[in-house]
Student: 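A single structure is presented below for examination.
From a predicted model like this one, the values you see are computed outputs, not experimental measurements. When reading the values below, keep in mind they use all heavy atoms of this one structure, side chains included, and skip hydrogens, waters and symmetry mates.
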Amino acid sequence: MTTPPIPPHKSLNLPGVHGYADRKSVAAGECVRFHVSSDRGYQLSVCQLGSDVEGRSDDVVLHAFAPSPARVQAIHPGSYVFVEKGLDAALPLHGLTLECWVKPWSIATRQTLIGQYDFPAHCGWGLFIEEGGALAFYLGDGRGFRAEAQRAHGRLVERRWQHVAATWNGRVAALWIDGQQVGQWDAGQEVRPGPAPLRMGASGVDGLADVFLEADLAMPVLYGRALVPEEIAERHAQRGLAIASGRSVHACWPLREERGAQVADASGHQRTGRIVNHGTWMIVGPAFEPAKVAPSEDAESGYDPFADPTRGHGLRFASDDLYDCRWEATHEFRIPEDAKSGVYVGRIRFEQGGREADYDITFIVRKPAHAAPAPILVLCAVNSWLAYASTPFAKNVVDDPVWPRRAAGLENCHPEAPAYSSYTYHRAGQPCYQVGLRMPWPNASPSALYDPAGSGFSQWTRLERRLHVWLAREGYEFDVIGDIDLHRDPAILSRYQTVFVNGHSEYWSLPGVEGLDDYLRRGGSAIVLSGNTMYLRVSYDEDFTVMEQRKVNGPHHDETVPPVGPPAGPFGEQYHSQDWARGGRLKASGRPAADIIGLETAGWAFADGEDFGVYHVEQPAHALFNEPHPLGLAKGQTFGHAPGGGLPRAIGHEWDLTIATLARMTKRSPPGAALPAPQEGIEVIANGIRRAPGKLDAYLDYHSNLTESIGGLSAEMIYWERPQGGRVFHAGAVGAAWVIGSDPNFGKLLKNVLYRYGVQPRA
């Protein structure tokens with residue numbers, strides 16, 4: 001796929017070695033292309049990962065490219081709107097008004113609202129936010145910058161919608177905030193737009209887009225005359241809901257598209273804009289009334305954002321917006337037709353600090369559609385790998401990196417490189433609702449570890465590969481896909497006898513959820529070795545270049561105070577721009593995980609290795625503990641740990657419980673919400689218990705509010721023959737996959753589950 005070029009844009013050259021594959025998942029027989037930026041020479045090879053989860057000792061090299069010289073490929077972060085048809089460069093202006101609603105996320109730097117302005121050579125007109133929040137108006141002749149042509153007055157505040165206007169009648173200029181004049185001065189000079197392009201959210205420096213806006217923008221309008229005070233007061237009173245009209249309107253962008261890269265001009269002058277670097281749609285405007293939406297995420301909501309006449313239409317900009325590096329492909333390799341399905345890497349080997357270092361570009365090889373499927377399908381949690389991809393341009397390290405808790409990210413290679421994810425904010429504090437697929441994701445490297453440091457725990461590729469290695473060692477035939485593939489083709493599950501949901505499978509799309517439910521209803525079976533499973537909803541754009549998720553605060557949250565919990569946005573913004581459906585927790589979308597796989601998210605812990613608990617047998621006579629491989633465990637005895645009870649242990653990081661147990665932990669329900677009835681037929685065969693509370697424990701009730709544990713009960717291991725069809729074994733904890741290969745009893749249990757599902761290892 002060829003990415004269209006962008007207009008001239010400020011570039012950023014990154015130190016170090018970075019890269020990504022053109023797709024996160026490819027079929028055997030297809031080409032995979034690597035996009036590498038490196039400030040030093042390197043050698044790239046394509047490797048199939050072997051059985052050494054903790055190292056690289058038996059990885060198979062499919063192809064080694066010739067050594068490559070250094071080649072740095074720049075990135076171009078920063079979102080804005082480029083309008084090709086600006087005001088005529090040569091014609092003098094006789095009057096001008098710039099008007100919009102703006103909600104700054106930060107006033108710490110100079111920013112551009114709108115203008116035809118390229119510093120220093122082609123400075124026409126422009127409206128800016130100065131460092132500290134003053135509103136600035138530049139009126140020039142389209143030639144070189146003149147300091148006396150700009151005045152700044154008033155002060156904008158952060159995280160609040162404000163109406164701003166700049167007027168000029170040919171003699172006098174004025175600035176307005178929320179209908180009040182904050183400054184006026186004589187300006188009898190000639191004003192011409194000059195040759196600079198028209199931009200919203202950026203202006204030019206030496207011909208390159210720069211001085212990016214850190215704000216939400218609504219209803220920007222460009223007039224060919226000065227509005228009078230009464231008109232400005234009226235526009236302020238309209239709260240950004242009325243399209244500007246009249247012969248003097250040279251451009252008006254209502255921003256009603258709510259998706260895509262185009263913004264239409266309602267003036268009739270065809271000043272259509274193109275969004276560069278995506279921006280963020282579905283942002284509530286200044287007239288939005290939170291009370292129109294359900295009072296809580298768990299409450300029933302008949303709210304339709306497009307049927308709400310006061311919702312408004314905002315577009316969010318960020319100086320670090322970047323979802324596609326737009327790097328040229330540096331290497332290309334066709335995966336062999338007979339390549340085994342699994343996790344592969346493009347391995348870049350280079351020198352770092354006098355030592356040999358590796359940088360792995362992870363991707364999945366799936367079985368081609370025409371090939372006969374294996375009995376088992378293993379689902380990789382690609383959606384979660386993407387959501388946690390903080391610091392895509394992390395500083396290179398030689399030893400296996402340990403990613404900090406809450407996905408804060410590693411040390412960035414450059415202070416201006418984007419470093420946001422679903423768990424970290426944009427640089428100016430904007431919540432992150434989107435992540436790009438044509439970007440590096442070093443957290444998905446098979447060498448990546450996760451806090452607690454020293455425990456050997458990981459929650460991405462390294463964790464999930466323990467299951468892959470165990471299945472291969474025990475003789476089970478299996479295929480591997482990513483949940484992004486399930487999103488594309490939910491019917492793919494119908495080809496398989498059973499499916500594993502593995503790792504930290506937190507983020508699911510609605511097509512993926514519906515695909516798994518439909519597969520089970522038709523008699524399929526699932527083995528869930530995950531915790532925090534199926535918790536948050538994601539969606540993808542049509543080109544599969546951007547994944548979207550929406551976490552928001554409650555309706556009464558003070559937006560001037562950042563939340564303590566995971567990064568979240570203002571209430572009302574939980575509706576996706578990809579499909580306009582409600583986001584956040586999947587149960588808010590009407591698809592609770594408990595209805596599909598029997599358990600719901602119930603908490604997390606991150607402090608240290610001792611936080612991890614173990615399973616205690618609840619039903620020792622259950623067939624899964626006895627047939628055909630007896631575990632020999634009595635009630636209350638433990639498993640899910642290394643011999644002697646040491647690490648790895650299964651119950652930690654994040655975990656899931658039944659509705660019946662969550663109901664016991666729920667003290668009250670939010671307004672408009674109620675507890676559902678427990679699912680019928682669930683058998684709890686073991687309890688995951690953490691005897692010693694950790695420093696960062698969070699036990700959640702059904703509504704995801706903080707509560708207390710019941711004697712350290714954190715996870716439940718269940719077997720469920722669903723009344724609606726299908727069978728589910730759910731281990732209920734992210735750490736479940738961690739103990740595979742370390743605990744013989746856990747291995748026997750998995751064999752018994754597969755036996756019950758009719759899956760046998762090859763002879």
Student: Is it the case that Ser505 and Ser530 place a side-chain donor and acceptor less than 3.5 Å from each other?
Tutor: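 The criterion, which ignores hydrogens and geometry beyond distance, is not satisfied for Ser530 and Ser505.
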Student: Is a donor from one side chain sitting under 3.5 angstrom from an acceptor on the other, for Glu214 and Ser319?
Tutor: yes
Student: Around atom NZ of Lys395, are there more than 12 heavy atoms of other residues, nucleotides or ligands at under 6.0 Å?
Tutor: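 Open: at most 12 neighbouring heavy atoms sit under 6.0 Å from NZ of Lys395.
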Student: Would you check, one step at a time, whether the test side-chain contact (heavy atoms from CB on, under 4.5 Å) holds for Val397 with Tyr359?
Tutor: CA-CA 9 Å; Val397 294; Tyr359 179 102; over 6 Å; no
Student: Does Glu416 offer a backbone N or O that forms a donor-acceptor pair with the side chain of His414 under 3.5 Å?
Tutor: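 A pair under 3.5 Å: yes.
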Student: Report the residues that fulfil side-chain hydrogen bond (donor to acceptor under 3.5 Å, both in side chains) with Asp400, sequence neighbours left out, ordered by chain and then residue number.
Tutor: Arg462
Student: Holding to ring pair (Phe, Tyr, Trp, His ring centres under 6.0 Å), I want the full list of residues that pass it with Phe65, two or more places apart in sequence or in another chain.
Tutor: His63, His331
Student: His653: what forms a ring pair (Phe, Tyr, Trp, His ring centres under 6.0 Å) with it, not counting sequence neighbours?
Tutor: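 Testing His653 for ring pair (Phe, Tyr, Trp, His ring centres under 6.0 Å), a comparison that skips the adjacent residues, returns Tyr450, Phe457, His504, Phe606.
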Student: Using salt bridge (Lys or Arg N to Asp or Glu O under 4.0 Å) as the criterion, list what pairs up with Arg366, not counting sequence neighbours.
Tutor: Asp485
Student: Working note: Tyr535 + Trp508, criterion ring-ring contact (aromatic ring centres under 6.0 Å, His included); need CA distance, chi angles, decisive distance, verdict.
Tutor: CA-CA 7 Å; Tyr535 186 54; Trp508 282 66; over 10 Å; no
Student: Do NZ/NE/NH1/NH2 and the carboxylate oxygens of Glu548 and Arg550 come within less than 4.0 Å?
Tutor: yes
Student: Under the salt bridge (Lys or Arg N to Asp or Glu O under 4.0 Å) test against Arg438, which residue among Asp22, Asp324, Asp543, Asp541 passes?
Tutor: Asp324
Student: Under the rule for side-chain hydrogen bond (donor to acceptor under 3.5 Å, both in side chains), what residues qualify as partners of Tyr388, not counting sequence neighbours?
Tutor: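 If we apply the side-chain hydrogen bond (donor to acceptor under 3.5 Å, both in side chains) test to Tyr388, skipping adjacent residues, the hits are Tyr423, Glu506.
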Student: Do you know which of Phe393, Phe34, Trp327, Phe363 makes ring pair (Phe, Tyr, Trp, His ring centres under 6.0 Å) with Tyr20?
Tutor: Trp327
Student: Suppose we screen for ring pair (Phe, Tyr, Trp, His ring centres under 6.0 Å). Which residues come up paired with Tyr540, at least two apart in sequence or across chains?
Tutor: His487, Phe544
Student: Report yes if the side chains of Glu332 and Val32 come closer than 4.5 Å at any heavy-atom pair, otherwise no.
Tutor: no
Student: Test the Lys24-Trp441 pair against the cation-pi criterion, namely NZ or CZ under 6.0 angstrom from the six-membered ring centroid and within 45° of the ring axis.
Tutor: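 Yes, a cation-pi geometry holds between Lys24 and Trp441.
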Student: Using a strict cut-off of less than 4.0 Å between a Lys/Arg side-chain nitrogen and an Asp/Glu carboxylate oxygen, indicate whether Arg466 and Glu54 qualify as a salt bridge.
Tutor: yes
Student: Considering only NZ, NE, NH1 and NH2 on the basic side and carboxylate oxygens on the acidic side, decide whether Glu30 and Arg23 come within less than 4.0 Å.
Tutor: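 A salt bridge is present here (some side-chain N lies under 4.0 Å from a carboxylate O).
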Student: Do Arg40 and Glu351 sit within salt-bridge range, that is, some charged N less than 4.0 Å from a carboxylate O?
Tutor: no
Student: Using the side-chain hydrogen bond (donor to acceptor under 3.5 Å, both in side chains) criterion, which residues pair with Thr362? Sequence neighbours excluded.
Tutor: none
Student: List for me each residue that meets salt bridge (Lys or Arg N to Asp or Glu O under 4.0 Å) alongside Arg71, sequence neighbours excluded, and say none if there are none.
Tutor: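 With sequence neighbours excluded, Arg71 shows a salt bridge (Lys or Arg N to Asp or Glu O under 4.0 Å) to Glu328, given in chain and number order.
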Student: What residues, two or more places apart in sequence or in another chain, satisfy salt bridge (Lys or Arg N to Asp or Glu O under 4.0 Å) together with Arg274?
Tutor: none
Student: Does either side chain, that of Ser79 or that of Asp321, offer a donor lying less than 3.5 Å from an acceptor on the other one?
Tutor: yes
Student: Under the rule for ring pair (Phe, Tyr, Trp, His ring centres under 6.0 Å), what residues qualify as partners of Trp281, not counting sequence neighbours?
Tutor: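 Here no residue qualifies.
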Student: Taking only residues two or more places apart in sequence or in another chain, which ones pass salt bridge (Lys or Arg N to Asp or Glu O under 4.0 Å) with Asp118?
Tutor: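 So Asp118 forms a salt bridge (Lys or Arg N to Asp or Glu O under 4.0 Å) with Arg199.
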Student: How would you list, by chain and number, every residue that makes a side-chain hydrogen bond (donor to acceptor under 3.5 Å, both in side chains) with Thr391, sequence neighbours excluded?
Tutor: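 Per chain and number, Thr391 pairs via side-chain hydrogen bond (donor to acceptor under 3.5 Å, both in side chains) with no residue.
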